[in-house]
Novice: 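Next up is a structure, given as structure tokens.
Keep in mind that the numbers below use all heavy atoms, side chains included, and drop hydrogens, waters and symmetry copies. Computed from a predicted structure; not experimentally measured.
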Amino acid sequence: MAETSATTGTGEPASRPRKSSWKYIGPGIVVAATGVGAGDLVATLIAGSKFGYTLMWAAVIGCVVKISLAEAAGRWHLATGRTLFDGWRSLGPWTTVYFAIYVVVWGFIYGATAMSSSALPIVALFPDGPGLKFWAIVTGLIGLVFVWFNRYAVFEKVMTVLIGIMFVVVVYVAIRVVPDVGASFAGLLPVLPDGSLLYTLGLIGGVGGTITMAAYGYWVNAKGWSNSSWMKVMRLDNRVAYITTGLFVVAMLVVGAELLHASQIALTSGDRGLVDLGKVLEDRFGAGTAKLFLIGFFATSFSSLIGVWHGVSLMFADFVERFRAPAAGVEQAEEHEGADVAERRQRSLPFRAYLLWLTFPPMTLLWLDEPFGLVIAYGVLGAFFMPFLALTLIWLLNSSRTPGEWRNGWVSNGMLALSGLLFVVLCVQQVRDLPW
């Protein structure tokens with residue numbers, strides 16, 4: 001069906017479809033850089049250290065799942081001219097209640113986690129300098145100032161540089177450990193070794209799978225893509241981003257398999273596991289490689305920090321805007337989303353208020369153990385988010401809220417249903433693993 005027949009969310013004909021081109025790529029790189037954090041790297045390394053190359057196939061499936069989810073979020077924004085939260089709100093008040101609680105609790109704990117994660121490699125690079133708390137506060141303040149005073153175009157360029165550093169460093173380390181090409185191809189055959197189920201589910205669902213996937217549509221609009229004429233461009237952008245993420249995950253799996261599996265070296269769980277890996281690399285390849293890896297570790301953590309500071313603040317600004325507005329019927333025309341609307345949101349009080357919420361209150365957690373009740377709430381709300389995203393996208397993209405041409409086909413429905421089921425299983429497991 002020709003794209004020229006598409007209509008925007010305002011009912012106006014969309015302009016002629018743009019040719020997909022590499023020069024447009026950007027929002028996908030941003031969402032990929034934000035979604036892959038230090039914890040994801042450690043989880044992938046541990047999977048490689050325990051099972052070698054056996055779970056390579058899970059990394060590939062995970063890449064396909066993320067492509068499907070991000071494509072669906074971007075398609076909703078472009079096909080309807082409405083934001084994702086606007087779509088959620090049309091499903092009933094329960095979505096507003098869930099998101100309001102989630103975004104407050106999640107932001108409070110994530111802020112401290114992101115700042116600590118960004119500080120860890122700096123402390124490892126400069127062991128005689130200030131401590132973790134000092135660098136955590138500094139990285140949080142730098143993130144705040146950067147996002148507060150810069151617009152999307154500058155933000156995208158910096159994120160592209162950071163993911164470039166991440167990618168080059170991780171691929172370089174993977175090449176240095178000399179991957180077993182035969183074993184890596186054999187790992188593409190679906191096999192589940194004993195005790196590998198949770199690691200497999202985590203590889204498929206965990207790396208790059210966060211609230212920032214929901215922010216993708218907001219970054220698409222901030223880029224200036226505002227209607228269905230940009231659909232081909234968005235799809236190319238999304239595929240390039242998550243194929244890059246897939247290669248990134250494969251490289252980390254190679255490092256885990258070659259450097260840790262053969263030597264039976266165990267890493268500390270969580271972000272500190274990457275500091276352990278830096279020491280292993282120093283023993284094996286020298287201080288230069290170890291320092292280069294720590295720079296890549298910082299790029300990974302800090303890109304996630306500023307990505308969340310920007311993307312989730314955009315979502316929060318939209319949430320407040322929709323909450324204040326009278327409930328809109330499905331058929332009611334909305335202000336068409338685009339770069340000008342995103343620019344206005346970035347200057348809005350709710351955007352900046354959430355930036356401050358992500359930065360200053362979480363600093364108190366750097367001195368305190370995370371309160372038990374907050375840990376439980378954060379775990380439950382966070383575990384439920386990815387099933388919430390997958391299942392609500394199925395609902396929205398199969399309903400009259402979406403123009404007929406851009407509703408889900410059987411492939412999209414199948415992939416979203418598969419990811420929804422996967423994330424429900426992961427949700428149950430994560431809730432069970434909480435320190436009740």
Side-chain angles (χ1 to χ4, degrees), residues 26-45 62 66 70 103 106-124 132 135-147 150 152 155-170 202 205-216 218-219 241-242 244-245 248-249 252 270-275 293-316 354-355 357-359 362-363 365-366 378 382 385-386:
I29 295 297
V30 170
V31 77
T34 306
V36 179
D40 295 308
L41 300 193
V42 174
T44 308
L45 281 168
K66 304 307 184 313
V103 80
W106 182 88
F108 182 55
I109 295 188
Y110 180 83
T113 303
M115 287 186 275
S116 296
S117 181
S118 298
L120 275 170
I122 302 177
V123 173
L132 182 72
W135 286 118
I137 291 171
V138 167
T139 56
L141 292 176
I142 290 172
L144 170 71
V145 171
F146 173 76
V147 174
N150 285 296
Y152 176 79
F155 166 71
E156 183 188 285
K157 286 182 174 63
V158 170
M159 292 292 278
T160 302
V161 170
L162 290 172
I163 200 173
I165 294 170
M166 290 162 55
F167 188 79
V168 168
V169 168
V170 169
V207 181
T210 68
I211 189 176
T212 53
M213 295 199 72
Y216 179 57
Y218 291 84
W219 284 321
Y242 278 101
T244 303
T245 302
F248 194 71
V249 174
M252 291 304 289
D271 299 348
R272 291 185 181 275
L274 294 184
V275 177
F293 176 76
L294 289 170
I295 291 169
F297 175 7
F298 173 76
T300 302
S301 298
F302 192 66
S303 65
S304 294
L305 186 151
I306 61 174
V308 166
W309 265 228
H310 189 276
V312 183
S313 296
L314 268 181
M315 292 183 69
F316 182 76
Y354 195 72
L355 262 180
W357 174 253
L358 281 167
T359 307
M363 288 179 182
L365 294 181
L366 298 174
Y378 174 80
F385 184 80
M386 291 303 285

Novice: Just verifying a value: how many Å separate Phe146 CZ and Ile306 CD1, rounded to the nearest 0.5 Å?
Specialist: 4.5 Å

Novice: Kindly compute the distance separating CG (Leu274) from OG1 (Thr300), expressed to the nearest 0.5 Å.
Specialist: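 If we round to the nearest 0.5 Å, Leu274:CG and Thr300:OG1 are 7.5 Å apart.
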
Novice: Measuring from Met115:CE to Ile137:CD1, what's the distance to the nearest 0.5 Å?
Specialist: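 Met115 atom CE to Ile137 atom CD1 measures 8.0 Å (nearest 0.5 Å).
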
Novice: Could you walk me through whether Leu358 and Phe108 pass the side chain to side chain contact (heavy atoms under 4.5 Å, CB included) test, one step at a time?
Specialist: CA-CA 6 Å; Leu358 281 167; Phe108 182 55; over 6 Å; no

Novice: Report the C-alpha separation of Ser301 and Ser117 in whole Å, then their side-chain angles, then the decisive distance to 0.1 Å, and conclude whether the side-chain hydrogen bond (donor to acceptor under 3.5 Å, both in side chains) test is met.
Specialist: CA-CA 6 Å; Ser301 298; Ser117 181; 2.8 Å; yes

Novice: When rounded to the nearest 0.5 angstrom, what distance separates CZ in Phe248 from OG1 in Thr244?
Specialist: 10.5 Å

Novice: Can you check whether Val312 reaches Trp106 side chain to side chain, under 4.5 Å on heavy atoms?
Specialist: yes

Novice: Looking at Val36 and Leu41, what are the two nearest heavy atoms and their distance?
Specialist: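 So the two residues come closest at CG1-CD2, 3.9 Å.
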
Novice: Between Ala33 and Met159, which heavy-atom pair has the shortest distance, and what is it?
Specialist: CB-CE, 3.8 Å

Novice: What are the two closest non-hydrogen atoms of Val31 and Gly28, and how far apart are they?
Specialist: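 Closest approach of Val31 to Gly28: CG1-O, 3.2 Å.
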
Novice: Can you tell me how far apart CG (Leu365) and OH (Tyr110) are? Round to the nearest 0.5 Å.
Specialist: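 That separation rounds to 14.5 Å.
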
Novice: For Ile165 and Ala299, work out which heavy atoms get closest and say how close.
Specialist: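 Looking at all heavy atoms of both residues, the closest pair is CG2-CB, 3.9 Å.
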
Novice: Report yes or no: does Ser304 contribute a side-chain atom to a donor-acceptor pair with the main-chain N or O of Thr34 at less than 3.5 Å?
Specialist: yes

Novice: Please answer whether the main-chain N or O of Met315 pairs with a side-chain N or O of Tyr354 as donor and acceptor at a distance below 3.5 Å.
Specialist: no

Novice: Any side-chain heavy atom of Thr139 within less than 4.5 Å of one from Phe298?
Specialist: yes

Novice: Atom NE2 in His310, atom CH2 in Trp219: separation rounded to 0.5 Å?
Specialist: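 Rounded to the nearest 0.5 Å, the NE2-CH2 separation comes to 8.0 Å.
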
Novice: Run the side chain to side chain contact (heavy atoms under 4.5 Å, CB included) test on Leu132 and Leu366 for me, step by step, so that the C-alpha distance in whole Å, both residues' side-chain angles and the decisive distance to 0.1 Å come before the verdict.
Specialist: CA-CA 9 Å; Leu132 182 72; Leu366 298 174; over 6 Å; no

Novice: With distance as the sole criterion, is a donor-acceptor pair present between the side chains of Trp309 and Thr359 under 3.5 Å?
Specialist: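 Present: a donor and an acceptor within the cut-off.
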
Novice: Within the structure provided, determine whether Phe297 and Val275 are in side-chain contact (heavy-atom separation under 4.5 Å).
Specialist: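 Counting from C-beta outward, Phe297 and Val275 do come under 4.5 Å.
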
Novice: Hey, mind stepping through Ile29 and Glu156 against side chain to side chain contact (heavy atoms under 4.5 Å, CB included) and telling me if it holds?
Specialist: CA-CA 8 Å; Ile29 295 297; Glu156 183 188 285; over 6 Å; no

Novice: What are the two closest heavy atoms between Ala136 and Ala119, and how far apart are they?
Specialist: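 Scanning both residues completely, I find the closest heavy atoms to be N-CB, 3.3 Å.
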
Novice: Where is the tightest heavy-atom contact between Ala32 and Ile163, given as atom of each residue plus distance?
Specialist: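 Here Ala32 and Ile163 meet closest at CB-CD1, 4.1 Å.
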
Novice: For Lys157 and Leu162: C-alpha separation, side-chain torsions, deciding distance, then whether side chain to side chain contact (heavy atoms under 4.5 Å, CB included) applies.
Specialist: CA-CA 9 Å; Lys157 286 182 174 63; Leu162 290 172; over 6 Å; no

